[in-house]
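Structure first, commentary second.
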Number of protein chains: 2
Amino acid sequence: MPSPKPKRRPSRRAASPRPSPKPYHHGDLRRALVDAALHLAAAGAEVSVREAARRAGVSPGAPFRHFPSRDALMTAVAAEAQRRFRSEIEAALAAAPSDDPLAQIRSLGLAYLRWAMKNPAHFEIISTGKYFDHDAAGEVSKDNAEIIAVMARLLGEAAARGKLRHGDLKRTQIAARALVYGFARMLIDGHFPRWGIAEDEVEPMAEGIVDLFIDGIAK
Amino acid sequence: MPSPKPKRRPSRRAASPRPSPKPYHHGDLRRALVDAALHLAAAGAEVSVREAARRAGVSPGAPFRHFPSRDALMTAVAAEAQRRFRSEIEAALAAAPSDDPLAQIRSLGLAYLRWAMKNPAHFEIISTGKYFDHDAAGEVSKDNAEIIAVMARLLGEAAARGKLRHGDLKRTQIAARALVYGFARMLIDGHFPRWGIAEDEVEPMAEGIVDLFIDGIAK
DNA sequence: ACCTGAACACCGTTCAAGT
DNA sequence: ACCTGAACACCGTTCAAGT
């Protein structure tokens, strides 16, 4: 991952000869904290408010001017990750043949798994229910609901064309989601070594289970 | 869950007239700490070494005489939970028709999901890769490997009788595990409300996806 | 308006000292 | 042999005080 280094943004107007190394007003501390948290997570570290503050060059109390709690920060981080996740999935769907719903479902599943494999820590932040207990996380829910809606539409089209063996679309959709969610989670939770699956076998296996599932539901 | 209350075991030899309310030697502090942690988790609380020590009536440093770290305590907790999980699954398998591998696989899947639904916090402790990073957790791995082996045997039998559509048994097994793991995790991570699945719809849905999957792999 | 820095109540963990 | 209790370095969070 090419880590976009902490951008020292030019101060808002005329830059003073020597830009102060620790400006009193940060400019966009909120954004800097979210970025720091994303980098911490991607590096495999625990995300702490204090460490994010350190990375942003501010005092331990400063983040609480922008987020009422650690959970609120993590919710913002999750929203950003979910946004990236969704946009990658939509790109994959756009590249798939638009007249074949099962092929589109396959693309959706593969894009889902590929993103999770490339961004395991961010996937975990999106997935785990530790933050935003209710669905107070409007943005996260919205982006997720969008993916759910796309999948529902694709399943509906497939059913309309007589391509599905099973009539209960909701059940089919939950099973599909459980499959990819479970695979991604097993990866993140470190189960594959115990299953004798080496790192370079994960991606082919991901493809394999998507195909196996689609074969199973297709008529 | 009938909480087995912290057993005040009789002091080792002749009990003094009034048993001291806070005995200096605990008897089995290790066990008491694991039990406390299991109860804390089941109650939805964070498991902390200090809180477990408090529950066991000892000082904050005492647990470290029995566990080198918090992770070591959690590993012991996970081992106990995994043991219970495995024994419930084996009971369910024993009750299923022994001459029908697909029916046994169905029983296995349902027992897996039922235990996870009844013991979400314990399932999470077993599943999450935060503790016992490698497979240093001998007991957990052994009990889990046992379940994996049973499933592999059942799939092998089903294939030998020509009951499977797909020849790649490993792939089929990973897909099956990802399905139940993902369903359990979605429950724990709190995703079902966002999917419009109420609490009393979870169990039928669990059955539904197991049946759908087995239909998909059966010939 | 935004940030500092000290403070508080929590953790995990260590270690001398007690019994 | 096992536990206490103080200590240390961390957290999240609050709040007066600074600019």
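Naming: A, B, ... by sequence-line order, numbering from 1 per chain. Only a predicted model underlies this, so the values are computations on that prediction, with no experimental measurement involved.
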Mind checking whether Phe192(A) and Phe183(A) have parallel, tilted or perpendicular rings, split at 30° and 60°? tilted
So Tyr181(A) and Phe123(A), would you call those rings parallel, tilted or perpendicular, with 30° and 60° as cut-offs? tilted
Residues forming a side-chain hydrogen bond (donor to acceptor under 3.5 Å, both in side chains) with Asp211(A), sequence neighbours excluded: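 Checked Asp211(A) against side-chain hydrogen bond (donor to acceptor under 3.5 Å, both in side chains); matches are Arg106(A).
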Whole angstrom is fine here: how far is it from CZ in Phe67(A) over to C1' in dC2(C)?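 One finds 15 Å between C1' of dC2(C) and CZ of Phe67(A), rounded.
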Tell me: CG of Asp28(A) to P of dC2(C), nearest whole Å? 11 Å
In B/S/- notation (B base, S sugar-phosphate only, - none; protein heavy atoms under 4.0 Å), nucleotides 11-16 of chain C written 5' to 3' is BBBB-B
Starting from the C-alpha separation in whole Å, work towards a yes-or-no answer on salt bridge (charged side-chain N to carboxylate O under 4.0 Å, His left out) for Arg114(A) and Glu88(A). CA-CA 10 Å; Arg114(A) 287 210 183 100; Glu88(A) 192 153 311; over 6 Å; no
Residue pair Phe213(B), Phe213(A): steps toward the ring-ring contact (aromatic ring centres under 6.0 Å, His included) verdict: CA-CA 8 Å; Phe213(B) 182 82; Phe213(A) 182 82; 7.3 Å; no
Ion pair Arg171(A)/Asp168(A), N-O distance below 4.0 Å: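 Yes.
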So, does Thr128(A) use its side chain to make a donor-acceptor pair with the main chain of Glu124(A) at under 3.5 Å? no
Would you find a donor on one side and an acceptor on the other, under 3.5 Å apart, between the side chain of Arg177(A) and the backbone of Gly182(B)?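 No, the answer is negative, given that no donor and acceptor are paired below the 3.5 Å cut-off.
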Using Watson-Crick and G-U wobble pairs with both distances under 3.5 Å, what is the 5'-to-3' dot-bracket string of DNA chain C, with [ ] for crossing pairs and | for pairs outside the strand? ||.|||||...|||||.||
Can you tell me if His66(B) touches the phosphate of dC3(D), counting only side-chain N or O atoms and a distance under 4.0 Å to OP1 or OP2?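 Answer yes for this pair, as a side-chain N or O of His66(B) is under 4.0 Å from OP1 or OP2.
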